[in-house]
Amino acid sequence: MNTEKIIVTAALPYANGAIHLGHLAGAYLPADIYVRFQRLRGKDIIFICGSDEHGVPITITADKEKVSPQVIIDRYHEINKISFEKFGMSFDIYGRTSSKVHHETAKEFFLNFYNQGLFSEKKTMQFYDNKANMFLPDRYVEGTCPNCNTDGARSDECENCGALYNPSELKNPISKISGEKPELKETSHWFIPLNKFQDRLQEYINDRNLRFNWKENVLQYCKGWFHDGLQERAITRDLDWGVKVPLENADHKVLYVWFEAVLGYISATKELFSHRGQDSSWREYWQGENTRYIAFIGKDNIVFHAIIFPAMLMAWNDGNKDKYILPENVPANEFLNFEGRKFSKSRNWGIDVLEFLNHFEADSLRYTLALNLPELRDSDFSWNDFQARHNNELADILGNFVNRTMTFVHKHFEGKVPQLGKLSERDVEMIDILNGYPVKIATLIEKYKLKDATLEVMNLARLSNKYFNDSEPWKTLKSDKEQCGTSLNISLQAIYTLAGLFLPVIPFTSQKIFRMVNSRPVEWENMGKSNLVEGHQLGEPVILFKKVENEMIEEIRLKTANAESDVKKEPESELITIDDFSKVQLRIAEILSAERVKKSDKLIKLIVDTGSGKRQVIAGIGKSYSPEELPGKKVVIVANLKPAKLMGEESQGMVLAVENEQGILNVVEVDSSISNGTKVK
RNA sequence: GGCGAGGUAGCUCAGUAGGUUAGAGCAACGGAAUCAUAAUCCGUGUGUCGUGGGUUCGAAUCCCUCCCUCGCUACCA
């Protein structure tokens, strides 16, 4: 009979930046806690992750730095791999999608689907940027809508009027990459008909939800997709960076990254077993009937893991004898904020994992994040909370309990586990509590209630302190040494249980405790039993957590605050020539009248005098100004901006304004003596 | 504006198949103890459950209005 196997995957981080605390709380820490727990239960489990290394953003970063994409992915693959190691992620393998085995796996899937006749091939005219030497994705081309004449329309659809058209119909196309006029070239792409899988996907999700109780946020998300109806989706694109399309006449075409990245879980598993010298063993997991597959992700990834990946596996299973298993559950978390605001790479808001771990222990972070996981909604990380959790709970409650017990035993019992004597009611009660705890915690973890699980284990430390207090061993030491020994024996068993149950959350600390009691973890179910035998020699006590002082918090708080202003000082923008600048005509104009644009919360319709006449300008300043205070102001406008329609109103120019940290806009004004139409140089 | 999520104790968050006095951790206040990292333990909450209405014997929980926040998105910054 097949023993049950478990695959756990954590979302593949994109190798275009360093992971931050939000990523950890969203997917990685929950996955690691779950995996470590299942390992302690003796389960046959593999834990898979790796870098997602293809796609346009990586090539853009590479271009900016004038290096090859390989340099970028090598850099972030290394950074993230090391970050995860230091954070204590216990992946069995951390692969990468640039690996040979991944390219082969992805091509295999593509060819298999291709040969099944699953794809439809569509020829389209696509814009090509001769300067950048690449086909342009739709969102990188802007032009004027052939239907409503609005600027800013994409190459295939206008978001203003909703019209769909062929790229050849778009007027005045401009490449957003080079700013040049792109040329139309014919190209063809393959599409996967997700719509054909919708019914089965709905059934699948419904079934797994009934059996495994999916999270509400995941179900809601899927419902939205199903409601809109799944569409055919292109799985190839014109690019040189990625997995080459394995067909004749498909030069310069790669698999779309969303199609191949999820297959990285499978290819990384192949690599894992190949290292172990068991080349075909990966099938026992991915194609084993008795395998449970759980995919940990953040909410941004729900569609790929709950809909697209299952659809791909279904498609494979339809046409082949070997059948892949589908995810049993996709426990996606929401997002973690940082001091009340969203993590933002571009604004440099937040903190990288490596930076954090240069200042503090991984377990302090793991514990804090675990108690604050965004399991049901976005949650917040704050320095004050971090400090409080570390000091009041890890150091004071857990650390001090271990320390007071250990030092007591060393002082009065030669560092050996005292005998368990006659049991009082209180002793029996404490032993029962310890016995019951592993199941209690296991139940929570199985339901992915990791926050509650963590809180409950800390509650055991509280109960242990209470037991120690109520037993008053410092008194019984003189009055009844046997009873004193009994109290200490039970307290030591509590330490052992805490070390075991806390292992998934704070593994480094658990190891320290096990070393201190000179022992090793047993299987989860037995963790609450009397595992330290009488007379067993204990190791030396060490302080588990030193207090985090205010200065340490202030220091790092300042550092992260500075990081934000650094970016403002050095905005990433290309240098322009004086000629480029002279293309922009800035002129002084006087606001004659102002009124709100109907149904818009921030647009205000202005009539301005530009010296040579009146014109209408729509400005997005409605949240910062009321129409009454605007007339009379002399402002700076871009006079030669191509007209655009906004909310049905034509705008013939643009008012310059600055935005402060609260998002309040301030229009640039000049002295009232300046006459209308004056050119700004 | 559209779509989605959310507004519960000072802070971070639980709690909805509607039902006795709305919870946890932290903080705060009072007390006990002194083995221990000035640590621990006990006790203490008059919270408009965002607002206003509705359904109901009964609503944080269901329905509607409105306000606010966040994310995605369209909005000329």
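All chains are named by letter (A, B, ...) in the order of the sequence lines, taking the proteins before the strands, and each is independently numbered beginning at 1. Side chains are part of it too, since the values below use all heavy atoms of this structure and drop only hydrogens, waters and symmetry mates.
Residue A:Lys411 places at least one side-chain N or O under 4.0 Å from the OP1 or OP2 atom of B:rA36. Residue A:Arg377 places at least one side-chain N or O closer than 4.0 Å to OP1 or OP2 of B:rG7. Side-chain nitrogen and oxygen atoms of A:Arg404 include none within less than 4.0 Å of the OP1 or OP2 phosphate oxygen of B:rU34. Within the structure, every side-chain polar atom (N or O) of A:Asn337 is placed at least 4.0 Å from both OP1 and OP2 of B:rC70. Between A:Arg389 and the phosphate of B:rA27, there is no side-chain N or O to OP1/OP2 separation shorter than 4.0 Å.
Residue A:Lys451 has its side chain nearest to B:rA14 when only B:rA14, B:rU37, B:rC35 are considered. If you check B:rC41, B:rG25, B:rC13 against the side chain of A:Asn469, the one that comes closest is B:rC41. Looking at the side chain of A:Asn392, the nearest of the listed nucleotides B:rA27, B:rU12, B:rA39 is B:rA27. For A:Asn400, taking side-chain heavy atoms from C-beta onward, the closest of the listed nucleotides B:rU12, B:rG25, B:rA39 is B:rA39.
The residue A:Tyr221 sits apart from the nucleic acid: no heavy atom pair falls under 4.0 Å. Contacts of A:Gln220 with the nucleic acid, taken as non-hydrogen atoms under 4.0 Å apart, involve only primed sugar atoms and P, OP1 or OP2. The residue A:Asp385 sits apart from the nucleic acid: no heavy atom pair falls under 4.0 Å. Residue contacts shown for A:Ser379 are limited to sugar-phosphate atoms, with no base heavy atom under 4.0 Å away. Counting non-hydrogen atoms under 4.0 angstrom, A:Glu393 reaches the backbone sugars and phosphates but no base. When heavy atoms are screened at a 4.0 angstrom cut-off, A:Leu477 is found touching no nucleic acid atom at all. In this structure, A:Lys299 reaches neither bases nor backbone, as no heavy-atom distance under 4.0 Å exists between it and the strands shown. Within 4.0 Å of A:Phe335, counting heavy atoms only, lies no atom of the nucleic acid at all. Within the nucleic acid shown, A:Ile543 comes within 4.0 Å of at least one base atom, counting heavy atoms only.
Defined by atom type and a distance below 3.5 Å, a donor-acceptor pair is missing between the side-chain atoms of A:Tyr448 and A:Glu375.
Between A:His20 and A:Phe343, the ring-plane angle classifies as parallel under the 30° and 60° cut-offs.
Ring-to-base geometry places A:Trp474 in a stacked arrangement with B:rC35 (centre distance under 5.5 Å, plane angle under 30°).
With a 6.0 Å cutoff to the six-membered ring centre and a 45° limit on the axis angle, A:Lys466 does not count as a cation-pi contact of A:Phe401. Under the 6.0 Å distance and 45° angle rule, A:Lys299 does not count as a cation-pi partner of A:Tyr221. At least one cation-pi condition fails for A:Arg404 and A:Trp474: the charged atom is not both under 6.0 angstrom from the six-membered ring centre and inside a 45 degree cone around its axis. Seen from the ring of A:Phe408, A:Lys411 does not count as a face-on cation partner, given the 6.0 Å and 45° thresholds.
Counting to the nearest Å, the P atom of B:rA14 and the CD atom of A:Glu334 are 10 Å from each other.
The same atom, P, is picked in B:rC26 and in B:rU20; the two are 27 Å apart, to the nearest Å. Nucleotides B:rU51 and B:rG7, compared at atom C1', are 11 Å apart to the nearest Å.
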